[in-house]
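Data block below; observations after.
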Number of protein chains: 2
Amino acid sequence: MHIQSNLTLRNDLRVTTGPGGSHPLPTTLRDLFGPQATECIEQGQALFWQSDDASQVFEIVAGAFRTVRVLSDGRRVITGFLFPGDIVGAGSPDRYPGTVEALVPSKARRLPRRRFEAEVEHSHSLRSQLVAHLSREMSAAQEQVVLLARKNAEERVASFLLSLVRRMGRSSQSPCIAVELPMTRLDMADYLGLTIETVSRVFTRLAKRGYIATAARHEVTILRPTALALLAVDDQEDDRDDVEIAWAS
Amino acid sequence: MHIQSNLTLRNDLRVTTGPGGSHPLPTTLRDLFGPQATECIEQGQALFWQSDDASQVFEIVAGAFRTVRVLSDGRRVITGFLFPGDIVGAGSPDRYPGTVEALVPSKARRLPRRRFEAEVEHSHSLRSQLVAHLSREMSAAQEQVVLLARKNAEERVASFLLSLVRRMGRSSQSPCIAVELPMTRLDMADYLGLTIETVSRVFTRLAKRGYIATAARHEVTILRPTALALLAVDDQEDDRDDVEIAWAS
DNA sequence: CGGAGTTTTGACTGGAATCAACTGCGGTGG
DNA sequence: CCACCGCAGTTGATTCCAGTCAAAACTCCG
């Protein structure tokens, strides 16, 4: 029951403006989106809505997104943020579990779910990548559960900032790290299970203590990463043994 | 293309807990564990520990388990409970994300992960079941995120009780439902992001209002399921279209 | 400059945590 | 049998962290 449709699926659409260049064979999940057209999503626009038929899988190409759930009485929860390279919709065979909205003008590619699944079906490597992908999503969700169940406001914000650093990757290995915050304070609050006021207060408190500096509205500089990591508690306990903490007063 | 017809398998219970029925072909993930020996795990004993090499996959046969994470300073979080029929360890290719401990004397079967993966590799049907399984785990985790981020103590307890009813299955369709609680108040508290005292207070409050009755220590009767469902808010918003809101005063 | 939306700051409130005492129950053994 | 213990759970008094309400300050626009 093998179908050697790799060639037919790739068609002969040229890869347009992709940062990746040529794609001889889909060796990663991302590569599957190579031939797809890049769509522009303006700020606030949704990629898809909660409970929609999950008929498409998306790759984020540029910008940033939030995944939103809303309770019947209006309470809002953001279950995650999406950044370039992320794939969304792969783990929901039925309905999308939340609405995905662009935080800033963004770009994405889409693939019909049947195409995505067919491709994954053909390749052992892609299959294990998919499982690994779902596993990573799961452990992120569990980390969030720990944060919401047992961390206080400061610990939540500290964990959040560090997770952003980890995902966006620190460019230089300088002691201070600049982090872009494409989301608003409200988005952070709804992600961290806090209010906008509490998030704001924690930011100023951390700034006064010299842990961070809030340059522009949507940018934070982390001045003392190790101190912040202490605040964040066990933030995803890697068994790193290079703990080496700087006890600067 | 041949994509359809992989959804034909219904996930839920067929003849389970039968003492060693015949297993002609593994058609469900559970069937894979059929030939394995059933191990007895006594109360408090762990099936595996957080950060252990995830070299085994388990099927819960009898009893009940909790999945525990502990922060460095001792704060405890229970990320989930496991009941007969559940499969655990399938979604963690690397390390187990938490410690799984028996709440009561329990039984389980184990399969080496390589065997599990090899079997799944052979069968298209098992593969899609695995994805469905991971997807269900994911949506449970997200439901927990919503609960922890935005629900108050009463709503959390109400949601919890209803989720137990949903999982254990109401035996009779009588208006009142007896639910067994194999876990202690502390377990519930650590699952719901509350303290033991708050859980206790909410139980008595719900009992005084006639929503539930606490018969024995480890048993609750739900007297008014629909009232409790209202309290639980949007508890996993099925897209029921019989919304029909009563705008009483 | 003005106006709307976002963020910050302040005063006060409230719900859950904390601290502490008590109850009830099951087991154990005198 | 019952006195004793220990544990799980309940109840009460008080505290405190984050929420709420309100207003001011800042930004980004035209």
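Numbers restart at 1 for each chain; the letters A, B, ... are given by sequence-line order, proteins then strands.
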Most 5' of A:Thr214 and A:Arg150 on DNA chain C, judged by nearest nucleotide:
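Going by which nucleotide is closer to the 5' end, it is A:Thr214.
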Between [N] atom [atom2] and [X] atom [atom1], what is the distance in whole Å?
X        : N      : atom1 : atom2 : answer
A:Arg205 : C:dT7  : CZ    : P     : 18 Å
A:Leu206 : C:dT9  : CG    : P     : 13 Å
A:Glu219 : D:dC28 : CD    : P     : 12 Å
A:Asn152 : C:dT18 : CG    : P     : 11 Å
A:His218 : C:dT6  : NE2   : P     : 9 Å
B:Asp190 : C:dA17 : CG    : P     : 11 Å
A:Leu194 : C:dA16 : CG    : P     : 15 Å
A:Gln43  : C:dT6  : CD    : P     : 10 Å

Where [X] and [Y] come nearest, the two heavy atoms and their spacing:
X        : Y        : value
A:Thr38  : A:Arg109 : OG1-NE, 3.5 Å
B:Ala62  : B:Phe65  : O-CE1, 4.2 Å
A:Ser159 : A:Lys151 : OG-NZ, 3.0 Å

Can you name the atoms? Protein N/O to nucleotides 19-24 of chain C N/O, anything below 3.5 Å, with the distance.
residue : atom : partner  : partner atom : Å
C:dC19  : N4   : B:Glu197 : OE2          : 3.1

Could you tell me if B:Arg205 sits above the aromatic ring of B:Tyr211, with its cationic atom closer than 6.0 Å to the ring centre and no more than 45 degrees from the axis?
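Here B:Arg205 fails the 6.0 Å and 45° test against B:Tyr211.
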A:Arg185 to A:Phe203 six-membered ring, cation-pi geometry met (6.0 Å, 45°):
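Geometry flag: set, cation within 6.0 Å and 45°.
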Considering just the side-chain nitrogens and oxygens of [X], establish if one lies under 4.0 Å of OP1 or OP2 belonging to [N].
X        : N      : result
A:Thr198 : D:dG19 : yes
B:Ser200 : D:dG9  : no
B:Thr184 : D:dA8  : no

Answer yes or no: is there a donor N or O on one side and an acceptor on the other, between the side chain of B:Arg30 and the main chain of B:Gly85, under 3.5 Å?
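Yes; at least one donor-acceptor contact below 3.5 Å.
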So does A:Gln50 get a backbone contact from the side chain of A:Arg95, meaning a donor-acceptor N/O pair under 3.5 Å?
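A pair under 3.5 Å: no.
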Position toward the 5' end of DNA chain D (nearest nucleotide), B:Ile196 or A:Ala153:
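The residue mapped nearer the 5' terminus is B:Ile196.
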Could you check which of C:dT7, D:dT11, C:dA16 has an atom nearest any side-chain atom of B:Thr204?
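Among the listed nucleotides, the one closest to the side chain of B:Thr204 is D:dT11.
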